[in-house]
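Working notes, beginning with the structure itself.
Quick note on labels: first sequence line is chain A, next is B, and so on, each numbered from 1.
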Amino acid sequence: MPELPEVEVVRSGLAPALVDATVSAVTVHDARALTRHPGSVDDFEQSLRGAHVVAVCRRGKFLWMPFTPAGGSNAARAVVAHLGMSGQMLLRFSGAPVERHERIRLDIDHPHHGALAVVFADQRTFGSLALDPLLPTTDAAPGGFGADEATVPAQVAHIARDPLDPALDETRLRRLWARKRSAIKRVLLDQTVISGIGNIYADEALWGARIHPETPADALSARHVTRLLAEIRAVLDKALAEGGTSFDAQYVNVNGQAGYFAHSLHAYGRTGAPCHRCGRPIARVSFMNRSSHFCPSCQRMPRTR
DNA sequence: AGGTAGACTCGGCAGC
DNA sequence: CTGCGCCGAGTCTACA
């Protein structure tokens, strides 16, 4: 479940079951799911066993769960999760059968919900879990959505705040965009500039703002940027409200249910279909080893800024 | 084919 | 003008 809305669906699904839960057992079925964990598999299992989960947080497409270790008192580390292309976090009853592509299972005890299993399943193994130290944020604001503390895991420190984060520095963002000569779509996908946007929502936001994906970022007027930011937030909010985009069974919430934003797409995956604004066919071009979908008629390159 | 990180190249640029 | 290093930008690859 990759982009911001899909990851937020997972975060908000995990939070009620995980906040205040204690990890009773850790089972690593496949060590490839720990490629980003700095220590050994044993270290992962032992460090987490008995841990008390404090929060479930998200910045862009990264999730993390600060925890206090068994017998400890302060949350200095977090479980960091990235779903990659095909990762899932599933909530199951305790003792539920092993899932297809299950990589790691955390058995937890929650004061209200009792014994549960949190399953990290991942068909393509591009996703991962890791334990990572928490570092103070540079702006002293909470690390991300769901976070009270002004900390982020080390692996997330280079990731910019996302469009739904109240602490997003819009002045900095505008300055960065105004300085970049690269295509705006490339810049939207750069997670160190603004995070959470992937191929689907980049195409959707650019369609909404009527901006050609190959427009140099520094050619956008202040008005264009304002419109683009508004479209980004609108499309992410709407997708979140609809449970995310699910093209197949990989993209599901913690209960295995699909979202239905795929029905609301205007550009992504609609090659040759009529533009919902002007009726002309949506084009698809190869871009950065992936594809861009846009309306050549209503998404024109601005000539000046 | 919805993602990220790392290795690599290329060009521009500042300084010597 | 050459060599050097750094930086940003872009491309490719790895991971199934």
Salt bridge (charged side-chain N to carboxylate O under 4.0 Å, His left out) contacts in which one or both residues fall within residues 90-99 of chain A, not counting sequence neighbours: Arg92(A)-Glu99(A)
Just say parallel, tilted or perpendicular for the rings of Trp207(A) and His266(A), cut-offs at 30° and 60°. parallel
Send over the distance from Asp190(A) CG to dG8(C) C1', rounded to a whole Å. 11 Å
I'd like to check the salt bridge (Lys or Arg N to Asp or Glu O under 4.0 Å) partners of Asp30(A); sequence neighbours left out, ordered by chain and number. Arg32(A), Arg103(A)
What is the distance from NE2 of His82(A) to P of dG3(B), rounded to the nearest Å? 8 Å
So what does His158(A) hit on the nucleic acid, given a heavy-atom distance under 4.0 Å: a base, only sugar-phosphate, or nothing? sugar-phosphate
Tell me, please, which residues at least two apart from His110(A) pass ring pair (Phe, Tyr, Trp, His ring centres under 6.0 Å). His112(A), His113(A)
To the nearest Å, how far apart are Glu3(A) CD and dG3(B) C1'? 9 Å
Write down the distance between CD (Gln155(A)) and P (dT4(B)), rounded to a whole number of angstrom. 13 Å
So ring pair (Phe, Tyr, Trp, His ring centres under 6.0 Å) across residues 3-62 of chain A, not counting sequence neighbours, yields His37(A)-Phe44(A), Phe62(A)-His82(A)
Provide the full list of salt bridge (charged side-chain N to carboxylate O under 4.0 Å, His left out) pairs with a residue in residues 45-55 of chain A, sequence neighbours left out, each pair given once. none
Take atom CG of Leu4(A) and atom P of dT4(B), then tell me their distance rounded to the nearest Å. 11 Å
Pairwise salt bridge (charged side-chain N to carboxylate O under 4.0 Å, His left out) hits with a residue in residues 144-156 of chain A, at least two apart: none
Encode nucleotides 10-16 of chain C as B, S and - characters from 5' to 3', where the letter depends on protein heavy atoms closer than 4.0 Å: B to the base, S only to sugar-phosphate, - to neither. SS-B-BB
Do you know which of Ile282(A), Ile211(A), Val285(A) makes side chain to side chain contact (heavy atoms under 4.5 Å, CB included) with Phe294(A)? Val285(A)
Rounded to whole angstroms, how far apart are NZ on Lys180(A) and C1' on dC7(C)? 11 Å
Strictly by salt bridge (charged side-chain N to carboxylate O under 4.0 Å, His left out), give each pair with a member in residues 192-216 of chain A just once, sequence neighbours left out. Lys185(A)-Asp203(A)
Can you pull out every ring pair (Phe, Tyr, Trp, His ring centres under 6.0 Å) where at least one residue sits in residues 114-168 of chain A? Sequence neighbours excluded, please. none
Under the ring pair (Phe, Tyr, Trp, His ring centres under 6.0 Å) definition, can you give me all pairs with a residue in residues 168-198 of chain A, not counting sequence neighbours? none
Distance in angstrom units between Ile184(A) CD1 and dA9(C) P, rounded: 13 Å
Just how far, in rounded Å, is P of dT4(B) from CD1 of Ile159(A)? 7 Å
Residues in residues 196-207 of chain A with a heavy atom under 4.0 Å of DNA chain B, by number, are Gly198(A), Asn199(A), Ile200(A)
For DNA chain C, what string of dots and brackets results from 5' to 3' when Watson-Crick and G-U pairs need both distances under 3.5 Å, crossing pairs get [ ], and pairs with another strand get |? ....|||||||||||.
Considering every strand and a 4.0 Å limit on heavy-atom distances, what is the contact class for Asp248(A): base, sugar-phosphate, or nothing? base
